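Working notes for the structure below.
The sequence lines fix the lettering, A, B, ..., with proteins before strands; numbering per chain opens at 1. What you see below is based on every heavy atom in this structure, not just the backbone, and it leaves out hydrogens, waters and symmetry mates. This is a predicted model, so every value here is computed, not measured.
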2 protein chains.
Amino acid sequence: MPSTLKDVALRAGVSKSTVSQYLHQRYHYMSEETKKKIQLAIEELDYIPNEVARSLKQKKTFIVGVVSSTILSKFTTEVVRAIEDECQLKGIQVIVCNTDDDPLKENKYVQSMIARQVDGLIIFPTEQNRKLYQSMLKSGYPFVFIDRKIDGIDVDTVLLDNELASSLAVQSLVERGHTRIGILTFPLGQKAITTRSERLQGYRQTLQNSGIEVDEAYVKSGRLDEMQTLIGELFRLSPPPSAIVATNDMILEQVLIYAKNQSLSIPRDFSLIGIDDVSFASFYTPPITTVSQPSFEIGKRSAQLLLRQIDRKEHEPRRAAEIFRLSPALNPRESVQNANEQD
Amino acid sequence: MPSTLKDVALRAGVSKSTVSQYLHQRYHYMSEETKKKIQLAIEELDYIPNEVARSLKQKKTFIVGVVSSTILSKFTTEVVRAIEDECQLKGIQVIVCNTDDDPLKENKYVQSMIARQVDGLIIFPTEQNRKLYQSMLKSGYPFVFIDRKIDGIDVDTVLLDNELASSLAVQSLVERGHTRIGILTFPLGQKAITTRSERLQGYRQTLQNSGIEVDEAYVKSGRLDEMQTLIGELFRLSPPPSAIVATNDMILEQVLIYAKNQSLSIPRDFSLIGIDDVSFASFYTPPITTVSQPSFEIGKRSAQLLLRQIDRKEHEPRRAAEIFRLSPALNPRESVQNANEQD
DNA sequence: CGTTCTTACTAAATCGATTTAGTATAAGCG
DNA sequence: CGCTTATACTAAATCGATTTAGTAAGAACG
């Protein structure tokens, strides 16, 4: 029912080719008369060009896809926002989907985006789809990884310097005299998402460098719904940790809930530091010390890398993959106190 | 470079038609032999069907679009999540874009989504695009409005009972003896977004019904970056309000920031109630009383309405537009106190 | 006047899948 | 055996835009 190029051509009394030229402002040898007739027909018919047909012929959709783990987090929404801003400059639209870090969903969405001919993908990858990514690499399909690195997939990747992030967190606690530092992460497993393993690694390394032995009892990992139990276990140790590192925003909230329920006062009863920023960090009581990611920068950079791949001409050789590790920032607030002033 | 139906047909030694039948599992009179050959060819070529070509022929993309004001809010992300869940049941994908409530961006995105032939749209509309919506209505294009109502556009709409929301807020303050109740909203203007005007209207109505005269000095509206100033003005009135209604999550955060900066204690110095839920409401100090929207329900319902429109057969008459006003819920927590116990 | 050039357009192939109408062969039936 | 029916496919048109090669008419030139 919507009108087509043909309808416009018919009504204007010219050929489809001429209308197409007009639409692209290729007025090479086109009479004013004809231009006017076409413009009129377009308006009378409320003509909107069919981008699907256009994409088929052009083999370009001017869309890039983001395959994210979840849009329900501040980090992801900011990253997506930055990607949109960067792409908009080139007239490219962005579509997003959620995998919930489920490798099957991830596989399905990536395939489906490719089937829909998006010009490239920005992916928060899991380890389990190595085969798929390998074949995408082989076929020269443009994509970049964000937030996580996958060993053996040699593709442009933008992520946080995770070790530095937990290192900053641990250091600022050690400087305050803490030695019993608990850490909470999401599930690890052998196929751990790099964000998680690297943050834990940074914790271990920094403690060792500071001459503090890592006590595995202070390391807890599990699903979101297990967090309250895990935090409970941590505080029932003797001695309990004097400080906690929450390795992401959702875990941080869990710790705050626990503290509230158990009437624990921060930083009197324990110091707390979170990786990832949260909206309320600065006005919470107490203001929460966090290590924040440069999320806009991460989004922007990954979009730039993707657009560079897309612009690569067919004949040009694929350039070597680059890995960008962006630095986190420590935001010192008031949830960390000197160890000896606690308890 | 990706392989096509034709490549598969050639390699399997059959016609394109046969491969197409195979892909749709229409095995009507197809020999096992042929099936095997086709399957093999598909695997060898890593064939993924081109959905763009498919969409062109089918005149269906199996995509619906969401034109939202911002994805940086909890309400929107939850709504989108619910829409995705509902659409996934029918194998339909969802794409989202941000208008920042800019009517021009809104117009551009709606047009662009239609050009991309999405099967229908769920829109957070502004008043300024009435003409566009009118013509979409005329052409029978499937769409629904969400979160806001536009007078004169007779289309399925799902939104909060906004008057009830602020009524619940005001009532719970009045019951505690408050009479000087301040309210903060985003800009109103003559083309106000219904969410804003209705929430303010509910405030006015409820005060009147309670026999309290509305003092316009207690009503402040402005942009996010003006909020600190506006809140300051509110508290410098004499007498200042004993309670504040923040009409959305972002404004609520601004009030909390102000309270923190001015060392005002909630609810001792003033009571506070927010419309929209925020992640930290339950564990904040004090826990914040909120009026929450059934965001998942709103998303789900709007998706159902859209899918119903899409499924409507060409010949069936368009059914009458329906408006669903979903009820908010009061979440009594501790940021509201009896008026006489304050100060 | 014949040729070339410029101007202003158009015809037709193409992108990759879908689908209808049809073909060719084998099997079944009386 | 001739006819119908079932089986297993295929040819070709189609979706709506793009683009290349080409046409037709008039102007310019020597």
Candidate nucleotides [options], ranked by approach to the side chain of [X] - the nearest:
| X | options | result |
| --- | --- | --- |
| B/Ser15 | C/dT19, D/dA17, D/dA11 | D/dA11 |
| A/Leu5 | D/dT19, D/dA17, C/dC15 | D/dA17 |
| B/Thr18 | C/dT19, D/dC9, D/dT18 | D/dC9 |

Within this structure, what is the [atom1]-to-[atom2] distance between [X] and [N], rounded to whole angstrom?
| X | N | atom1 | atom2 | result |
| --- | --- | --- | --- | --- |
| A/Tyr27 | C/dT6 | OH | P | 24 Å |
| B/Gln21 | D/dA8 | CD | P | 14 Å |
| A/Gln25 | D/dT18 | CD | C1' | 16 Å |
| A/Glu32 | C/dT7 | CD | C1' | 14 Å |
| A/Lys37 | C/dT10 | NZ | C1' | 13 Å |
| B/Leu45 | C/dG16 | CG | P | 14 Å |
| B/Ile48 | C/dG16 | CD1 | C1' | 14 Å |
| A/Leu56 | C/dT18 | CG | C1' | 13 Å |

Polar pair under 3.5 Å, donor/acceptor by atom type, side chain B/Ser17, base D/dA11: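 Looking at the base of D/dA11, it does pair with a donor or acceptor on the side chain of B/Ser17 (distance under 3.5 Å).
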For [N], does either OP1 or OP2 sit under 4.0 Å from a side-chain N or O belonging to [X]?
| X | N | result |
| --- | --- | --- |
| B/Ser20 | C/dA17 | no |
| A/Tyr29 | C/dA8 | no |
| A/Gln117 | C/dG16 | no |
| A/Lys59 | C/dG16 | yes |
| A/Arg54 | D/dT18 | yes |
| B/Arg26 | C/dT19 | yes |
| A/Lys16 | D/dT19 | no |

Just to be sure I understand the rule, does [X] reach a base, reach only the sugar-phosphate, or reach nothing, if contact means heavy atoms closer than 4.0 Å?
| X | result |
| --- | --- |
| A/Val14 | sugar-phosphate |
| A/Thr34 | sugar-phosphate |
| B/Tyr22 | nothing |
| A/Gln58 | sugar-phosphate |

Short side-chain donor-acceptor distance under 3.5 Å, B/Ser112 and A/Gln93: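 A donor-acceptor contact under 3.5 Å links the two side chains.
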Exercise: do A/Gln88 and A/Glu84 side chains pair donor with acceptor under 3.5 Å: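 No pair is found: no donor N or O on one side chain lies under 3.5 Å from an acceptor on the other.
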Straight-line distance of B/Phe145 CZ to B/Thr194 OG1, nearest 0.5 Å: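 Here the rounded value is 10.0 Å.
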Distance in Å, B/Ser69 OG paired with B/Arg148 CZ, rounded so as to fall on 0.5 Å steps: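 Taking OG in B/Ser69 and CZ in B/Arg148, the distance rounds to 4.5 Å.
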Carboxylate-amine/guanidinium contact A/Lys90 A/Asp119, below 4.0 Å: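 Here A/Lys90 does not pair with A/Asp119 in a salt bridge, since their nearest N and O are not under 4.0 Å apart.
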Parallel, tilted or perpendicular: rings of A/Tyr22 and A/Tyr27 (30°, 60°):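 A/Tyr27 vs A/Tyr22 ring planes: tilted.
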Closest-nucleotide 5' rank along DNA chain C - winner of A/Met30 and A/Ala53: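 The residue closer to the strand's 5' end, by nearest nucleotide, is A/Met30.
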